[in-house]
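The block underneath contains the structure these notes are about, expressed in structure tokens.
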Amino acid sequence: MWWRLAPRSETGSNNEVRQPGRRAQPHPVHHHGNRWHPGARFRHYRPFHHDSWTLTDPSTLHEDESLQVQSIDLCKSDNEPSHHTDEYEQPDNLVIRRAQVFTISVTFSRPYEEDKHHLKVILATGSHPSVNDGTKLTIPFVTEFEKKIWGVKVGHKEGNTVKLMFRAPSNALIGEWNLSLITVSTTEDGEKKHTYKHTHSIYTLFNAWSHDDSVYMDTEEERGEYVLNDTGIVYCGTADCISGRAWNFGQFESPVLEASLHLLEKSRMSVQARRSPVFISRVLSQMVNSCDDGGVLVGNWSGDYAGGTPPTAWNGSVKILEEYLEHDKPVSYGQCWVFSGLATTVMRALGIPARSVTNFSSAHDTDINMTIDVHWNLKERKAIDDRNVDSIWNFHVWN
């Protein structure tokens with residue numbers, strides 16, 4: 001058996017160690033007298049000194065025993081049908097509902113051994129994640145899931161691949177989460193730590209299918225209508241002549257989910273309020289109107305729609321939200337049924353059951369005294385127009 005000669009720079013010492021290999025072969029040298037031949041491989045020659053080389057013993061070369069994440073599979077085809085989120089146009093990101101188990105598959109550089117390797121799972125949301133406000137979480141490994149706490153279990157192992165089962169609590173924050181895995185390995189060279197940040201996101205939504213979630217609905221028919229139905233009719237007209245407008249809610253289309261979460265960010269609502277469907281509904285109701293914090297739609301009842309789209313020209317929410325995100329400014333114009341259709345879209349996108357409701361002969365009480373007031377000048381026997389601000393509309397659409 002021949003032994004490979006390794007340069008001293010590879011070993012750093014002159015200790016005689018051995019490694020199987022081929023006989024070391026010097027590079028061909030072309031001489032022309034005492035000068036290099038023009039076709040020589042090297043332009044400079046250094047004499048070969050015996051102390052420039054040493055032998056390497058293979059027993060001193062340790063295999064890297066540290067655990068590193070090579071890839072993560074969010075298992076969309078398994079998770080999303082059971083979470084009723086497979087219609088969302090999110091080709092890479094995972095959309096799940098809280099209060100329900102979901103699974104991811106992690107492939108490591110070597111088999112995961114719990115006695116040698118420590119695994120830490122971190123989820124973070126928002127532009128400035130913080131442990132203090134709950135936007136940066138270290139998910140504990142558990143044997144049994146709890147209703148109000150995030151948890152993860154180690155599932156099936158096969159070779160270098162491990163299934164991790166998660167459960168988001170029934171009061172989890174609604175939003176987009178970034179996933180990181182930290183591995184700490186105990187090796188002969190001490191502890192080695194590696195961090196893997198997954199490139200795709202996990203979205204958490206409300207869950208009308210879970211008894212533990214406050215938005216739970218009793219029947220599949222209700223959930224299908226108020227959460228999953230992406231088209232519908234918004235009723236208009238008068239009490240004597242009711243008509244309907246077809247509306248594309250489009251809550252599963254891109255970029256509706258992103259736009260809905262953007263509205264929550266723009267509203268500056270507190271992080272903790274994002275657990276509550278009540279607070280989120282109030283904020284979204286406010287943010288579909290441009291009067292509040294640069295919301296989505298500019299209202300216009302004047303009949304002059306120059307510089308924008310007439311309210312009667314809209315037949316769905318998706319184009320409105322696309323335009324809003326593209327230009328980052330309110331879209332012109334809308335009236336009550338457009339506001340209502342848009343509010344239904346963004347709430348269903350986040351998993352909150354919602355619908356548009358039309359009220360005919362709808363009283364508009366401006367001073368909140370539960371009456372429609374008309375002011376008259378008795379002497380002149382005519383109405384005082386500047387004080388008559390209450391009215392009765394043919395119809396009004398709510399949520």
Side-chain angles (χ1 to χ4, degrees), residues 3-22 53-79 92-94 96 101-126 128-131 134-145 149-168 176-202:
W3 304 91
R4 182 178 70 85
L5 293 175
R8 184 194 306 203
S9 60
E10 290 184 17
T11 64
S13 71
N14 287 325
N15 297 331
E16 183 178 16
V17 291
R18 298 178 178 180
Q19 177 174 330
R22 297 181 177 178
W53 299 85
T54 188
L55 300 176
T56 302
D57 183 356
S59 65
T60 65
L61 301 176
H62 301 300
E63 180 184 358
D64 187 359
E65 297 179 349
S66 65
L67 186 73
Q68 299 183 47
V69 177
Q70 293 187 331
S71 65
I72 292 179
D73 181 0
L74 296 177
C75 302
K76 286 171 58 69
S77 60
D78 295 327
N79 290 316
D92 300 312
N93 302 316
L94 175 64
I96 58 100
V101 175
F102 65 96
T103 302
I104 69 171
S105 179
V106 183
T107 300
F108 295 103
S109 57
R110 59 185 299 111
Y112 172 61
E113 302 176 61
E114 296 183 43
D115 58 334
K116 289 185 178 181
H117 308 128
H118 176 66
L119 183 62
K120 184 183 290 187
V121 181
I122 295 176
L123 287 173
T125 185
H128 299 91
S130 168
V131 174
T135 55
K136 185 177 182 181
L137 306 172
T138 299
I139 311 301
F141 281 84
V142 298
T143 55
E144 296 295 334
F145 292 124
I149 302 174
W150 275 92
V152 58
K153 293 181 182 180
V154 176
H156 179 69
K157 300 178 185 178
E158 183 175 346
N160 293 357
T161 301
V162 177
K163 295 283 189 180
L164 296 181
M165 297 178 293
F166 293 78
R167 186 183 187 275
E176 178 185 4
W177 297 85
N178 297 313
L179 172 65
S180 299
L181 294 185
I182 299 175
T183 57
V184 180
S185 309
T186 302
T187 70
E188 293 184 11
D189 299 323
E191 284 194 345
K192 291 188 177 181
K193 180 178 178 181
H194 300 280
T195 300
Y196 179 93
K197 295 183 178 180
H198 195 47
T199 55
H200 304 305
S201 302
I202 298 174

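Numbering starts at 1 and runs along the sequence shown.
- The salt bridge (Lys or Arg N to Asp or Glu O under 4.0 Å) check on K136 picks up nothing, with sequence neighbours excluded.
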Could you give me the CA-CA distance, side-chain angles and deciding distance for Y196 and V106, then say whether side-chain contact (heavy atoms from CB on, under 4.5 Å) is met?
CA-CA 11 Å; Y196 179 93; V106 183; over 6 Å; no
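- Here H198 pairs with H200 under the ring pair (Phe, Tyr, Trp, His ring centres under 6.0 Å) rule; sequence neighbours left out.
- Every residue two or more places apart in sequence or in another chain that forms a side chain to side chain contact (heavy atoms under 4.5 Å, CB included) with S71 is listed here: T107.
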Test side-chain contact (heavy atoms from CB on, under 4.5 Å) on L119 and L164; report intermediate values, then the result.
CA-CA 11 Å; L119 183 62; L164 296 181; 4.2 Å; yes
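- Between L74 and F102, the closest side-chain pair of non-hydrogen atoms is not below 4.5 Å.
- Atom CG of L181 and atom CD1 of I72 lie 4.0 Å apart (nearest 0.5 Å).
- Atom CG of residue L94 and atom OG of residue S201 lie 10.0 Å apart, to the nearest 0.5 angstrom.
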Chi angles and distances behind the side-chain contact (heavy atoms from CB on, under 4.5 Å) call for K120, T138:
CA-CA 7 Å; K120 184 183 290 187; T138 299; 3.6 Å; yes
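- Among residues two or more places apart in sequence or in another chain, the ring pair (Phe, Tyr, Trp, His ring centres under 6.0 Å) test is passed with F145 by none.
- For the side chain to side chain donor-acceptor pair (under 3.5 Å) test, no residue two or more places apart in sequence or in another chain qualifies with S185.
- Of the possible donor and acceptor atoms, none in the side chain of S130 sits under 3.5 Å from a partner among the backbone N and O of T135.
- Inter-residue side-chain proximity for I96 and F166 is flagged as unmet; no heavy-atom pair is nearer than 4.5 Å.
- The CD1 atom of I182 sits 12.0 Å away from atom NE2 of H194, with the distance rounded to the nearest 0.5 Å.
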Between K153 and E144, does the side-chain contact (heavy atoms from CB on, under 4.5 Å) criterion hold? Intermediate values first, please.
CA-CA 8 Å; K153 293 181 182 180; E144 296 295 334; 4.2 Å; yes
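- Partners of N93 according to the side chain to side chain donor-acceptor pair (under 3.5 Å) rule, which considers only residues two or more places apart in sequence or in another chain, are Q90.
- Summarising the geometry, atom NZ belonging to K116 is positioned 14.5 Å from atom OG1 belonging to T183; distances are rounded to the nearest 0.5 Å.
- For the atom pair CD of Q68 and CZ of F108, the computed distance is 11.0 Å after rounding to the nearest 0.5 Å.
- Residue pairs that meet the salt bridge (charged side-chain N to carboxylate O under 4.0 Å, His left out) test with at least one member in residues 155-168, sequence neighbours left out, are E114-K157, R167-D212.
- Every residue meeting the side chain to side chain contact (heavy atoms under 4.5 Å, CB included) condition with D73, not counting sequence neighbours, appears here in chain and number order: C75, S105.
- Side-chain atoms of S66 do not come within 3.5 Å of backbone N or O of K192 as any donor-acceptor pair.
- Using a 4.5 Å heavy-atom threshold, the side chains of P140 and V152 count as separate.
- The closest side-chain heavy-atom distance from E191 to H118 is not below 4.5 Å.
- In this structure L137 satisfies the side chain to side chain contact (heavy atoms under 4.5 Å, CB included) test together with I139, W150, W177, sequence neighbours excluded.
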